[in-house]
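These notes are about the structure you will find just below.
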Amino acid sequence: MRQIKEALGECGLGLMWDLSPGMLEKQNIETVLKWAKFIENDPGVRELCDRLGRMMRAERRKIRKRVRSVFEYNTTVPDADSREEITGITFGRAIEDVLPCELATMASQDMELLFDQKYVENRLMSFEKTDFAATRQTTERQTTRSATVEDNRGPVILCIDTSGSMAGVPETVAKAVALFIAMKAHKEGRNCYMITFSTGIEVFDFSVRNDLAGLFAFLQMWFHGGTDFAPALAKGVDMMSEPEYAKADLLLISDFVAGALDNTTAAAIAGRKKAGNRFHALSVEPNASALRRYASSGVFDEYLRYDGRSVEKLSFAPQAVQ
């Protein structure tokens with residue numbers, strides 16, 4: 001367990017203790033120790049696992065969103081109970097506010113009756129008086145703010161080549177990396193769907209079974225036949241139509257000693273890439289020529305190569321998918 005923890009980090013040990021509902025066989029433990037030691041003792045594989053682990057981490061992205069904010073401010077408002085300032089002319093009958101020209105009509109006996117009529121009808125021209133009182137008011141405003149959020153990159157689909165050309169170190173690297181990623185995905189609460197292939201495929205949904213013994217048994221499977229990417233990639237694309245894997249990234253681990261991908265599968269992958277899914281290729285063959293020949297199809301978004309010592313990101317000029 002100590003060796004596994006040193007090789008796989010914290011993502012491995014807790015999983016060992018509390019995940020599997022069954023008993024691990026001695027062969028399973030010996031196999032996982034072999035993979036763990038391989039990761040621990042090979043700096044290049046550790047670098048590879050670290051790079052792929054970063055690939056699976058949540059990315060930070062900035063978003064702009066509208067928020068409502070409450071603001072307080074000082075202002076003045078008319079005070080109906082205060083009559084200190086003349087602000088205009090109005091109709092009324094308060095004698096103290098009546099205009100002098102209206103009061104002058106009372107000096108004439110003939111006009112006094114008109115004054116009395118206006119008084120009764122509340123139509124004497126009068127000064128309008130009021131005052132302003134200081135007050136504190138609040139108002140709501142909509143503003144746009146920037147925020148940083150965690151953008152979960154979603155589940156992962158692993159396609160592991162176990163054809164005849166992968167026998168030996170390439171297969172050990174592929175399965176050690178697959179074990180690391182599966183455990184890391186489980187620790188981070190991500191679904192993980194695994195496909196091992198040659199010309200046929202076998203699948204294991206780690207997020208559904210959560211069975212460590214089953215995971216080890218699955219990773220120990222091999223075909224050692226020919227190589228055909230199409231069934232595995234087609235299955236991965238099909239899984240992306242399921243709600244649980246709609247945002248999945250796919251990683252294919254192979255030596256890329258294979259023929260060209262058929263147009264139907266390539267077109268299906270192109271459709272998923274438009275929907276936001278990403279496809280990654282990891283070559284465990286030191287010679288990059290096989291990967292370079294295959295990269296002309298433009299199927300994958302990223303190409304990584306492990307040459308036995310270090311990890312290299314390769315750049316190609318892909319051709320358009322027909």
Side-chain angles (χ1 to χ4, degrees), residues 52-59 61 63 149-163 174-175 177-211 214-215 217-219 221 223 227-254 256 258-283 294-304 318-322:
L52 294 174
R54 289 197 303 269
M55 181 188 78
M56 294 173 57
R57 292 174 189 165
E59 288 188 337
R61 63 184 177 90
I63 61 171
V149 298
E150 294 289 341
D151 185 14
N152 195 324
R153 296 189 68 180
V156 60
I157 298 174
L158 295 176
C159 297
I160 309 160
D161 184 356
T162 56
S163 62
K175 291 183 176 179
V177 169
L179 174 64
F180 178 88
I181 292 178
M183 288 185 170
K184 186 172 184 64
H186 182 83
K187 180 177 181 292
E188 296 179 353
R190 301 170 186 267
N191 291 336
C192 181
Y193 193 86
M194 309 178 78
I195 305 169
T196 184
F197 69 93
S198 176
T199 53
I201 65 171
E202 291 289 340
V203 300
F204 183 81
D205 193 341
F206 192 34
S207 54
V208 172
R209 293 183 57 176
N210 285 342
D211 180 358
L215 172 64
F218 173 79
L219 287 176
M221 295 175 59
F223 286 99
T227 307
D228 185 2
F229 292 158
L233 291 174
K235 181 62 178 178
V237 169
D238 288 343
M239 289 304 300
M240 290 174 182
S241 63
E242 300 293 331
E244 296 83 358
Y245 290 93
K247 296 182 179 180
D249 280 2
L250 183 145
L251 172 65
L252 188 142
I253 309 173
S254 173
F256 286 85
L261 194 65
D262 63 277
N263 290 338
T264 301
T265 305
I269 291 174
R272 292 309 312 182
K273 289 169 72 172
K274 290 180 180 179
N277 300 97
R278 290 180 58 83
F279 293 77
H280 306 268
L282 169 61
S283 173
Y294 194 83
S296 62
S297 63
V299 170
F300 296 97
D301 298 286
E302 183 178 37
Y303 298 89
L304 299 175
Q319 299 174 356
V321 177
Q322 299 296 324

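What you are looking at is a predicted structure, and each value in this text was computed from that prediction instead of being measured. Worth knowing before you read on, the calculation uses all heavy atoms, side chains too, and leaves out hydrogens, waters and symmetry mates.
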> What is the distance from atom CZ of Phe300 to atom CZ of Phe256, rounded to the nearest 0.5 Å?
Replying inline: 4.5 Å
>> Could you report the tightest heavy-atom contact between His280 and Asp249, atom names first, then the distance?
In response: NE2-OD2, 3.7 Å
>> Apply side chain to side chain contact (heavy atoms under 4.5 Å, CB included) to residues Met194 and Leu215 and explain how you reach the verdict.
In response: CA-CA 9 Å; Met194 309 178 78; Leu215 172 64; 3.3 Å; yes
> Parallel, tilted or perpendicular: which describes the rings of Phe218 and Phe204, with under 30° parallel and over 60° perpendicular?
Replying inline: parallel
> Any idea which heavy atoms bring Ala246 and Asn277 closest together, and the distance?
Replying inline: O-ND2, 3.0 Å
> Between Phe279 and Val237, is any pair of side-chain heavy atoms under 4.5 Å apart?
Replying inline: yes
>> Has Lys175 got a side-chain atom pairing as donor or acceptor with Met221's backbone, closer than 3.5 angstrom?
In response: yes
>> Restricting to ring-ring contact (aromatic ring centres under 6.0 Å, His included), what partner residues turn up for Phe197, sequence neighbours left out?
In response: Phe229
> Mind checking what makes side-chain contact (heavy atoms from CB on, under 4.5 Å) contact with Ala174, not counting sequence neighbours?
Replying inline: Ile160, Met166, Ile253
> Where is the tightest heavy-atom contact between Met240 and Ala248, given as atom of each residue plus distance?
Replying inline: CE-O, 3.9 Å
>> According to salt bridge (Lys or Arg N to Asp or Glu O under 4.0 Å), who are the partners of Lys273, at least two apart in sequence or on a separate chain?
In response: Asp301
> Do you know the tightest heavy-atom contact between Cys192 and Ala182?
Replying inline: SG-CA, 3.9 Å
> Who pairs with Tyr245 by side-chain hydrogen bond (donor to acceptor under 3.5 Å, both in side chains), at least two apart in sequence or on another chain?
Replying inline: Asp205, Ser207
> Within a strict 4.5 Å, meaning less than it, do heavy atoms of the Leu252 and Asp161 side chains meet?
Replying inline: no
>> Nearest 0.5 angstrom please: Leu304 CG to Leu251 CG, how far?
In response: 8.0 Å
>> To the closest 0.5 Å, what do you measure between OH (Tyr193) and CD (Glu244)?
In response: 11.5 Å
>> Is the shortest side-chain heavy-atom distance between Met239 and Leu250 below 4.5 Å?
In response: no
> Got a sec, which residues hit side-chain contact (heavy atoms from CB on, under 4.5 Å) with Ala230, two or more places apart in sequence or on another chain?
Replying inline: Asp228, Leu261, Asp262, Thr265
>> On a heavy-atom basis, which atom in Gly236 and which in Ile195 lie closest, and how many Å separate them?
In response: N-CD1, 3.8 Å
>> Working to the nearest 0.5 angstrom, can you tell me the gap between Ile269 CD1 and Thr264 OG1?
In response: 11.0 Å
> Does Phe223 have any ring-ring contact (aromatic ring centres under 6.0 Å, His included) partners at least two apart in sequence or in another chain, and if so, which?
Replying inline: none
